[in-house]
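Chain A is the first sequence line, chain B the second, and so forth, proteins listed ahead of strands; every chain is numbered from 1.
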Number of protein chains: 2
Amino acid sequence: MREGKPIGLLLVQTAKAVSRAFEDELAARGGSRPVWLILLALMDGAHRTQADLAAAIGVRGPTLTHHLGGMERDGLLTRKRLPENRRVQVVALTAKGRATFHKLRQGAMSFDRDLDRRFTRAEMVTLRDLLGRFGASATVGFGPDS
Amino acid sequence: MREGKPIGLLLVQTAKAVSRAFEDELAARGGSRPVWLILLALMDGAHRTQADLAAAIGVRGPTLTHHLGGMERDGLLTRKRLPENRRVQVVALTAKGRATFHKLRQGAMSFDRDLDRRFTRAEMVTLRDLLGRFGASATVGFGPDS
DNA sequence: TATTGTTATACTCTATAACTATA
DNA sequence: TATAGTTATAGAGTATAACAATA
């Protein structure tokens with residue numbers, strides 16, 4: 001016998017509200033969720049190919065190409081072919097890209113601080129455990145500081 | 001000093017995965033999230049105007065019009081003007097609309113049962129409390145049975 | 001004038017299929 | 001043939017601005 005709103009719905013609605021607020025925060029600093037995730041992945045530096053990068057942020061190849069195109073037009077990154085294997089594109093952040101990363105990171109961190117204040121240490125441990133129980137995977141954090 | 005992945009990110013990523021799975025479940029039964037939410041709101045029957053309905057499912061007027069248009073074309077509902085106030089549209093489910101509701105409701109309930117099994121009663125109480133702490137609002141459940 | 005909803009239009013994110021270039 | 005990525009195209013969901021009809 002379950003009580004109250006379905007837990008999946010509660011989770012999804014809660015996350016939708018939080019997600020919207022987070023995206024507003026990023027937008028106020030000239031970013032968006034996909035741009036933030038790409039910057040994060042590039043700063044972490046662990047990916048090798050665009051296919052890897054796409055997988056890291058959870059989209060398909062053409063979707064990544066789409067976002068990289070926009071970011072390249074905005075001067076956030078450059079793409080150039082590897083001489084040894086000209087099929088591969090090497091994606092690198094520009095100074096502006098790194099600056100944007102830091103700007104967005106500020107927003108992301110302040111956003112998270114606000115959420116964080118609502119829970120005690122113990123509650124946070126419990127919450128992480130319970131969220132983990134839904135069986136989703138995860139990759140990124142706030143990324144490196146420099 | 002916080003530890004691990006930002007809690008907001010964890011929440012959003014978890015919800016994204018759950019949400020995607022839920023939408024696949026609805027899609028397998030010929031629905032979608034917005035259609036499900038609209039059917040649910042109409043079965044609950046608490047709204048009065050389309051503006052209310054839009055607010056209940058968290059979208060703007062034109063977005064609702066867009067979805068109602070599709071659902072009307074699909075024969076799930078009818079719209080007609082109130083004689084007393086011809087600005088107001090009265091939205092009503094057809095038999096097909098109600099049938100679709102029940103079909104999607106099966107999917108939603110079986111989906112939620114799967115999630116539910118992963119938690120004890122006590123954990124569920126805790127989880128609801130903690131999710132509530134994020135400060136999101138909420139309206140719907142599984143709706144009425146008939 | 002204010003209210004209710006629609007139309008016109010557009011943007012963002014995403015995807016699949018077909019293609020180019022390279023290996 | 002297989003691989004890395006792009007182009008072409010499309011579709012879902014959302015929004016704002018302007019509008020029509022009604023009150």
Side-chain angles (χ1 to χ4, degrees), chain A residues 12-13 15-17 19-24 26-28 30-39 41-42 47-74 77-92, chain B residues 12-13 15-17 19-24 26-28 30-39 41-42 47-74 77-92:
Chain A
V12 167
Q13 286 181 339
K16 191 176 167 189
S19 193
R20 185 151 31 198
F22 181 62
E23 281 163 31
D24 288 350
L26 291 179
S32 70
R33 184 175 45 76
V35 165
W36 166 240
L37 291 176
I38 290 169
L39 289 174
L42 290 174
H47 75 284
R48 302 181 312 282
T49 63
Q50 281 193 199
D52 281 358
L53 184 52
I57 69 170
V59 299
R60 302 296 183 133
T63 302
L64 179 64
T65 295
H66 169 74
H67 292 303
L68 290 182
M71 293 172 74
E72 189 169 27
R73 270 192 300 285
D74 291 344
L77 52 81
T78 59
R79 281 186 283 188
K80 59 177 201 272
R81 299 286 174 182
L82 254 191
E84 315 88 273
N85 181 345
R86 294 190 34 75
R87 284 178 306 192
V88 174
Q89 291 268 41
V90 178
V91 181
Chain B
V12 168
Q13 286 181 339
K16 191 175 168 191
S19 192
R20 187 151 29 198
F22 180 63
E23 281 164 31
D24 289 349
L26 292 179
S32 68
R33 182 176 44 76
V35 165
W36 166 241
L37 291 176
I38 290 169
L39 290 174
L42 291 174
H47 74 286
R48 303 179 312 280
T49 63
Q50 282 194 197
D52 281 359
L53 184 52
I57 69 170
V59 300
R60 302 296 183 133
T63 303
L64 180 64
T65 295
H66 169 73
H67 292 302
L68 290 182
M71 292 171 76
E72 191 170 26
R73 269 192 301 285
D74 292 345
L77 51 82
T78 59
R79 279 186 283 187
K80 59 177 198 276
R81 300 284 173 184
L82 253 191
E84 315 89 271
N85 181 346
R86 294 190 33 75
R87 284 178 307 191
V88 173
Q89 291 267 40
V90 178
V91 181

Please report, rounded to the nearest Å, how far the [atom2] atom of [N] is from the [atom1] atom of [X].
X: A/L68; N: D/dA4; atom1: CG; atom2: C1'; answer: 13 Å
X: A/L64; N: D/dT7; atom1: CG; atom2: P; answer: 13 Å
X: B/L37; N: D/dG13; atom1: CG; atom2: C1'; answer: 12 Å
X: A/H67; N: D/dT7; atom1: NE2; atom2: P; answer: 15 Å
X: B/Q89; N: D/dA23; atom1: CD; atom2: P; answer: 13 Å
X: B/K80; N: D/dT22; atom1: NZ; atom2: P; answer: 17 Å
X: A/L53; N: D/dT6; atom1: CG; atom2: C1'; answer: 15 Å

So, do A/L42 and A/L53 sit near enough that their side-chain heavy atoms are less than 4.5 Å apart?
yes
Do B/I38 and B/L64 touch side chain to side chain, with heavy atoms closer than 4.5 Å?
yes
Run the side chain to side chain donor-acceptor pair (under 3.5 Å) test against B/R20 and tell me which residues pass, sequence neighbours left out.
none
I want to check one thing: is the phosphate of [N], taken as OP1 and OP2, less than 4.0 Å away from some side-chain N or O of [X]?
X: A/R33; N: C/dT14; answer: yes
X: B/S32; N: D/dA12; answer: no
X: B/H66; N: D/dA12; answer: no

Is it the case that atom CZ in A/R81 sees more than 12 heavy atoms from other parts of the structure closer than 6.0 Å?
yes
Out of curiosity, [X] [atom1] to [Y] [atom2], how far, rounded to the nearest 0.5 Å?
X: B/H67; Y: B/R33; atom1: NE2; atom2: CZ; result: 8.0 Å
X: B/E72; Y: B/T65; atom1: CD; atom2: OG1; result: 10.5 Å
X: B/Q89; Y: B/L82; atom1: CD; atom2: CG; result: 9.5 Å

Where the side chain of [X] is concerned, which of [options] is the nearest nucleotide?
X: B/T65; options: C/dG5, C/dC13, D/dA15; answer: C/dG5
X: A/R81; options: C/dT7, D/dG5, C/dT14; answer: D/dG5
X: A/T49; options: D/dT14, D/dG5, C/dT6; answer: D/dG5

Atom pairs, protein N/O to nucleotides 21-23 of chain C N/O, distance under 3.5 Å:
{"from": "C/dT22", "atom 1": "OP1", "to": "A/R86", "atom 2": "NH2", "distance (Å)": "3.4"}
{"from": "C/dT22", "atom 1": "O2", "to": "A/R87", "atom 2": "NH1", "distance (Å)": "3.3"}
{"from": "C/dA23", "atom 1": "OP1", "to": "A/R86", "atom 2": "N", "distance (Å)": "2.8"}

With heavy atoms under 4.0 Å as the rule, sort B/R20 into base, sugar-phosphate or nothing.
nothing
What's touching nucleotides 16-20 of chain C from the protein side, N or O pairs under 3.5 Å?
none

